[in-house]
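Chain naming here is simple, since letters A, B, ... match the order of the sequence lines and numbering starts at 1 in each.
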There are 2 protein chains.
Amino acid sequence: MSERSNSQRGGSKAETSANAIVFVVEDDVSMRRSLTNLFQSVGLDVVAFGSAREMLQSTLPDVVSCLVLDVRLPGLSGLEFQTELAKSSIHIPIIFITGHGDIPMSVRAMKGGAVDFLTKPFRDQELLDAVIAATERDRKRRQDEKTVANLKSLFETLSPREQAVMKLVATGLMNKQIAAELGLAEITVKIYRGHVMKKMRARSLADLIRMTEALGIRANRPEQT
Amino acid sequence: MSERSNSQRGGSKAETSANAIVFVVEDDVSMRRSLTNLFQSVGLDVVAFGSAREMLQSTLPDVVSCLVLDVRLPGLSGLEFQTELAKSSIHIPIIFITGHGDIPMSVRAMKGGAVDFLTKPFRDQELLDAVIAATERDRKRRQDEKTVANLKSLFETLSPREQAVMKLVATGLMNKQIAAELGLAEITVKIYRGHVMKKMRARSLADLIRMTEALGIRANRPEQT
DNA sequence: AGGACAACTATACCTACGTTTGTAATGCGC
DNA sequence: GCGCATTACAAACGTAGGTATAGTTGTCCT
């Protein structure tokens, strides 16, 4: 069962349209409740679960968020859950909390990319600081991902030939070389190249090159010394 | 006092011209000796110290290396040493070992970029695996740094004006725009631009753009929508 | 069959880029 | 003073890039 608790308090404070969500996975009911209260008290939205399975089964909203995760859980453990999320390429930043942890656990968690690993008892402020760091990390990741996703969708509007031309342009070949490479007339390359610039909304070649960098496009041609 | 111990055994195995060095900082003499033996037994060069201060005072050779560091040390602790190294921008990958550690320690170490954090007793193979991962990380970092350093030194052979032109070229401006920006004739820009290509050894504009990316060169000009 | 679209080319024209050759002023170090 | 690097520009020329117009062929969908 999940508890969705939004902090809708009158309007004394301007609600950000996309408020950060803190997910909590913690089997201990009283602990779960107190975490929920803590986060709500500072104006964060909270969605709490009693197990990893419950969270995996729910549909996660696509907003800035982080996960406060108890290491010791019934069913899937916190560390296994972390691995599971990574496999599903769900990149939510994780803050572990635990009452009975050990060093190898914490090291594994941190190697796995966790933001923090707190041992009970901890001060509220410690956890809040970690949550702020985690949501900030998520915000940045989402920003970067969005930029790349936008570029990718532009790139996909290109016809196969246009994509091929773009790749070869990015490697620095001249139009006539591209034409030879693809078995085309130079004029055709010029025209496709024009299409590429328009469709990618590149204002300059420099622009386009940087786009290919962001997209990880690299034509595998040997370079002559 | 530091103990420098190279594994020069006959010639049964080809000595790599730049063998990896494992630095060890460990105050316990018998532990230090056994670590040294372990690393030598697999053909690694070892330089061992009894304290952080000793290592800081010695001249570190500029080769692929990593640091196996005891957390509990006389004088500067392992964690303080980690901070100190970071401040001096010495980026050697660190593997912590400890007999009496706790979770906050390990978390701080990992947050600080440590490769691993092992608790005694550990299996030899665990430590060796960590050392291999650490040296690999250092090798990659050195490679990247070298590439950028090479570019930087090329960039510094450019005259101030040539550097300015390069920056503006990288932003995607046309020669005539660059000329206006710098108060020059277009022909002058063309000539400097030619110098830039030659001196930077760029085979194409795409090449040059990627160089500016690697160098982090970005002219702060507002872009029109 | 007809329409839409991708792929491809040609002619023509204009702009942008790049190099060569030559000139000239300035400033710095020895 | 001499040599040298830097900065700067001009004329002339050749190459590369880019666009507009116009047309062919083939495929896929309806």
Side-chain angles (χ1 to χ4, degrees), chain A residues 151-213 215 217 219 221 223-225, chain B residues 151-213 215 217 219 221 223-225:
Chain A
L151 282 181
K152 215 168 271 177
S153 73
L154 285 179
F155 183 69
E156 275 154 14
T157 67
L158 300 179
S159 74
R161 275 316 216 184
E162 287 161 355
Q163 293 188 358
V165 168
M166 174 162 164
K167 282 181 192 173
L168 295 175
V169 166
T171 68
L173 294 190
M174 288 186 308
N175 287 343
K176 68 168 90 170
Q177 294 175 301
I178 297 170
E181 194 85 13
L182 299 176
L184 295 175
E186 193 183 342
I187 182 66
T188 310
V189 173
K190 285 183 181 180
I191 289 166
Y192 290 175
R193 188 169 175 160
H195 293 169
V196 168
M197 295 300 285
K198 266 199 193 59
K199 290 188 180 175
M200 296 300 293
R201 288 172 207 162
R203 287 185 307 278
S204 64
L205 181 57
D207 236 30
L208 193 75
I209 302 293
R210 277 188 279 268
M211 288 179 185
T212 61
E213 288 290 289
L215 285 168
I217 290 173
R221 301 187 67 260
E223 308 251 353
Q224 70 282 12
T225 317
Chain B
L151 283 180
K152 212 166 274 173
S153 73
L154 284 180
F155 183 69
E156 275 155 15
T157 67
L158 300 178
S159 74
R161 276 313 217 186
E162 287 163 354
Q163 293 187 359
V165 168
M166 175 163 164
K167 282 182 192 171
L168 295 175
V169 167
T171 68
L173 295 189
M174 287 186 307
N175 288 341
K176 69 170 89 168
Q177 293 174 302
I178 297 171
E181 194 83 15
L182 299 177
L184 294 176
E186 193 184 343
I187 183 66
T188 311
V189 173
K190 287 182 180 182
I191 290 167
Y192 290 175
R193 189 170 175 160
H195 294 170
V196 169
M197 295 299 284
K198 265 197 194 61
K199 290 188 181 177
M200 295 302 291
R201 289 172 207 163
R203 284 185 306 279
S204 65
L205 180 57
D207 235 32
L208 192 76
I209 303 294
R210 276 188 280 269
M211 289 178 185
T212 60
E213 289 290 288
L215 284 168
I217 291 171
R221 301 185 68 258
E223 307 252 353
Q224 72 279 15
T225 315

Inset, instruction - Taking only heavy atoms on the protein side, list every residue of residues 189-201 of chain B lying under 4.0 Å from any atom of DNA chain D, sorted numerically. - result: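 Going residue by residue through residues 189-201 of chain B, the ones with a heavy atom under 4.0 Å of DNA chain D turn out to be B:I191, B:Y192.
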Round to the nearest Å and state the distance from [X] atom [atom1] to [N] atom [atom2].
| X | N | atom1 | atom2 | answer |
| --- | --- | --- | --- | --- |
| B:M174 | C:dC17 | CE | C1' | 11 Å |
| A:R161 | C:dT9 | CZ | C1' | 13 Å |
| B:L205 | D:dG18 | CG | P | 10 Å |
| A:E156 | C:dA6 | CD | C1' | 18 Å |
| B:L173 | C:dA16 | CG | P | 13 Å |
| A:I178 | C:dC8 | CD1 | P | 14 Å |
| B:K176 | C:dT15 | NZ | P | 8 Å |
| B:E186 | C:dC17 | CD | P | 7 Å |

With 3.5 Å as the limit, what N/O pairs link the protein to nucleotides 24-30 of chain C?
none

Inset, instruction - Report yes if a side-chain nitrogen or oxygen of B:S159 is closer than 4.0 Å to either non-bridging phosphate oxygen (OP1 or OP2) of D:dA5; otherwise report no. - result: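 Checking B:S159 against D:dA5: no side-chain N or O falls below 4.0 Å of OP1 or OP2.
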Inset, instruction - Using only side-chain N and O atoms of A:N175, determine if any of them is under 4.0 Å from OP1 or OP2 of D:dA16. - result: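 False: A:N175 side-chain N/O out of range (4.0 Å or more) of D:dA16 OP1/OP2.
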Inset, instruction - Using five pairs at either end of the helix from C:dA1-D:dT30 to C:dC30-D:dG1, determine the angle between the two local helix axes and round it to 10 degrees. - result: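 About 40°, once rounded to a multiple of 10°.
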In Å and rounded to the nearest 0.5 Å, what is the [atom1] to [atom2] distance from [X] to [Y]?
| X | Y | atom1 | atom2 | result |
| --- | --- | --- | --- | --- |
| B:S204 | A:M174 | OG | CE | 10.5 Å |
| A:I178 | A:E181 | CD1 | CD | 9.0 Å |
| A:L215 | A:L151 | CG | CG | 5.0 Å |
| B:M166 | B:I209 | CE | CD1 | 8.5 Å |
| B:K176 | B:L184 | NZ | CG | 16.0 Å |
| A:M211 | A:L205 | CE | CG | 11.0 Å |

Inset, instruction - Of all the heavy-atom pairs spanning B:A170 and A:A206, show the shortest one and how long it is. - result: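 Nearest heavy atoms, B:A170 then A:A206: O-CB, 3.3 Å.
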Legend entry - Residue closer to the 5' end of DNA chain D, B:T157 versus B:T188 (nearest nucleotide):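 Comparing both residues, the 5'-ward one is B:T157.
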Inset, instruction - Would you check if A:L208 and A:M197 make a side-chain contact, meaning some heavy-atom pair closer than 4.5 Å? - result: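 SC-SC contact between A:L208 and A:M197 confirmed.
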Inset, instruction - Would you check if B:V169 and B:V196 make a side-chain contact, meaning some heavy-atom pair closer than 4.5 Å? - result: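 No. Closest side-chain heavy atoms not under 4.5 Å.
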Side-chain donor-acceptor pairs of residues 154-165 of chain B under 3.5 Å, sequence neighbours excluded:
| from | atom 1 | to | atom 2 | distance (Å) |
| --- | --- | --- | --- | --- |
| B:T157 | OG1 | B:L154 | O | 2.6 |
| B:S159 | OG | B:E162 | N | 3.3 |
| B:S159 | OG | B:E162 | OE1 | 3.4 |
| B:R161 | NH2 | B:L182 | O | 3.4 |
| B:E162 | OE1 | B:S159 | N | 2.8 |
| B:E162 | OE1 | B:K199 | NZ | 2.9 |
| B:E162 | OE2 | B:H195 | ND1 | 3.0 |
| B:Q163 | NE2 | B:F155 | O | 3.0 |
| B:Q163 | NE2 | B:L158 | O | 3.4 |

Inset, instruction - For the side chain of B:I187, starting at C-beta, report the closest nucleotide among C:dT11, D:dA11, C:dA16. - result: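 Nucleotide nearest to B:I187's side chain: D:dA11.
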Report, one line per pair, each donor and acceptor closer than 3.5 Å where one atom sits in a side chain of residues 185-193 of chain A; sequence neighbours left out.
| from | atom 1 | to | atom 2 | distance (Å) |
| --- | --- | --- | --- | --- |
| A:R193 | NH1 | A:N175 | OD1 | 2.6 |

